[in-house]
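For reference, the structure is listed below as structure tokens.
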Amino acid sequence: MKNNQPIGIFDSGVGGLSVLQHVHQLLPQEHILYIADSGYAPYGCQDNSFIEQRSRVITEHLIAQGAKAIVIACNTATASIIESFRQQYGIPFIGIEPGIKPAIAMTKNGHIGIMATTGTLSSTRYSELRQRFGDSVNVHNQACPGLADQVEAGLLDDPDTMQLLKKYLSILEKKQVDTIVLGCTHYSFLITQIKKIMGPSIQLVDTSYAIAEQLKRVLEQESSKNKAVSGSINYYTTGSIDNTKSTINSLLGYDVTVNPL
Ligand code: DGL
């Protein structure tokens with residue numbers, strides 16, 4: 001494995017950009033290939049075989065491009081395929097899952113909310129994660145269908161987005177949660193909107209920075225960090241170039257080139 005080979009990062013769409021930003025900040029010398037599977041998003045309401053098939057297409061493309069490690073910047077895909085892909089492909093996979101552990105450390109009243117996709121919350125991996133922490137706190141799961149689609153369309157402040165958020169957050173509010181886990185990478189782009197509804201004292205847990213740190217540790221263990229001075233980022237989408245580009249530009253606040261896949 002050559003140190004100057006790229007890191008592959010993928011998500012069902014633009015949500016994984018929250019992870020990409022931290023990876024680029026922490027490892028600025030690395031070359032990154034980011035794939036938004038926007039043509040097949042959302043993953044959250046799909047079955048395992050669909051997610052596995054899409055993740056396989058993307059993984060094999062990234063490996064063909066020389067990826068030395070792959071970050072699955074999607075809770076739903078991580079829950080569905082990470083264990084089997086680790087066994088099948090000979091490179092490291094770093095995944096993301098809802099940050100229950102940090103939320104337990106942060107909560108003061110013992111009530112935490114988990115916002116995630118239906119797919120993540122119904123997965124075996126999530127129920128194992130949930131069980132690992134026993135009954136020390138009350139964990140309130142909240143599936144949020146439709147929310148990732150709003151972020152995918154770049155509609156962060158749209159009345160429909162606020163309406164959906166209010167619907168899901170009012171359920172968590174009734175459960176008196178003081179800490180909410182953002183268990184889907186798309187939701188990291190809704191922090192301002194969530195705080196607007198829940199008030200500034202709500203504690204939000206976003207594990208995207210921890211994933212970048214985990215990637216750094218893995219590259220160090222494998223002695224495969226890039227030694228170059230500065231890395232590059234290339235963006236690809238399986239969906240509409242114009243729509244994906246417009247959403248990425250508005251989420252990141254600068255102009256990027258998006259390539260077809
Ligand atoms: N961003 C993804 C996640 O972290 C999935 C969103 C979706 O496609 O439903 O779960």
Side-chain angles (χ1 to χ4, degrees), residues 8-23 34-59 70-82 85 93-100 103 113-127 129-130 141-156 161 164-165 168 180-191 193-194 204-212 214-215 235-240 243-244 247-248 251-252 261:
I9 304 181
F10 78 91
D11 177 38
S12 63
V14 297
L17 294 171
S18 49
V19 175
L20 167 95
Q21 284 179 308
H22 291 304
V23 169
Y34 183 87
I35 298 181
D37 198 16
S38 316
Y40 298 84
Y43 283 0
C45 49
Q46 298 285 358
D47 60 20
N48 273 330
S49 67
F50 178 91
I51 296 168
E52 186 191 336
Q53 188 254 332
R54 289 309 308 156
S55 302
R56 194 176 296 289
V57 168
I58 293 169
T59 294
I70 292 180
V71 178
I72 306 175
C74 174
N75 292 263
T76 315
T78 299
S80 179
I81 52 102
I82 196 163
F85 278 31
F93 282 84
I94 294 91
I96 185 162
E97 52 193 7
I100 298 185
I114 314 287
M115 293 172 74
T117 66
T118 309
T120 297
L121 294 175
S122 61
S123 68
T124 310
R125 194 175 166 91
Y126 177 74
S127 52
L129 175 73
R130 167 74 194 82
N141 293 335
Q142 183 58 52
C144 304
L147 207 50
D149 308 66
Q150 294 297 108
V151 176
E152 202 53 35
L155 301 171
L156 305 187
T161 310
L164 265 182
L165 271 175
Y168 299 136
I180 295 178
V181 175
L182 304 175
C184 167
T185 49
H186 281 75
Y187 308 161
S188 301
F189 291 103
L190 293 169
I191 288 175
Q193 290 74 8
I194 293 172
L204 300 179
V205 178
D206 180 357
T207 48
S208 42
Y209 183 70
I211 302 318
Q214 175 62 11
L215 171 65
Y235 300 88
Y236 300 87
T237 182
T238 55
S240 148
N243 294 350
T244 307
T247 302
I248 294 180
L251 295 181
L252 297 185
L261 185 81

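Each ligand, and each atom within it, is numbered from 1 in the order the structure gives. We number each residue from 1, following the sequence as shown.
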Original post:
Does the side chain to side chain contact (heavy atoms under 4.5 Å, CB included) test come out yes or no for Phe93 and Thr59, once each step is laid out?
Top reply: CA-CA 10 Å; Phe93 282 84; Thr59 294; 3.7 Å; yes
Original post:
Given the rule in the side chain to side chain contact (heavy atoms under 4.5 Å, CB included) test, do Leu156 and Thr161 qualify, once you have shown the distances and angles that lead to the verdict?
Top reply: CA-CA 6 Å; Leu156 305 187; Thr161 310; 5.8 Å; no
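Counting all heavy atoms, side chain and backbone alike, Asp11 lies closest to His186 at OD2-CE1, 3.1 Å.
Considering Asn141, Ile194, Leu204, Val181 as possible partners of Met115, the one that fulfils the side-chain contact (heavy atoms from CB on, under 4.5 Å) test is Ile194.
For the pair Phe189/Leu17, a side-chain contact is recorded, criterion being any heavy-atom separation below 4.5 Å from C-beta on.
The immediate protein surroundings of ligand 1, defined as residues with any heavy atom under 4.0 Å of it, consist of Asp11, Ser12, Pro42, Tyr43, Gly44, Cys74, Asn75, Thr76, Thr117, Ala148, Cys184, Thr185, His186.
Relative orientation of the Tyr40 and Phe50 rings is tilted, given thresholds of 30° and 60° on the angle between their planes.
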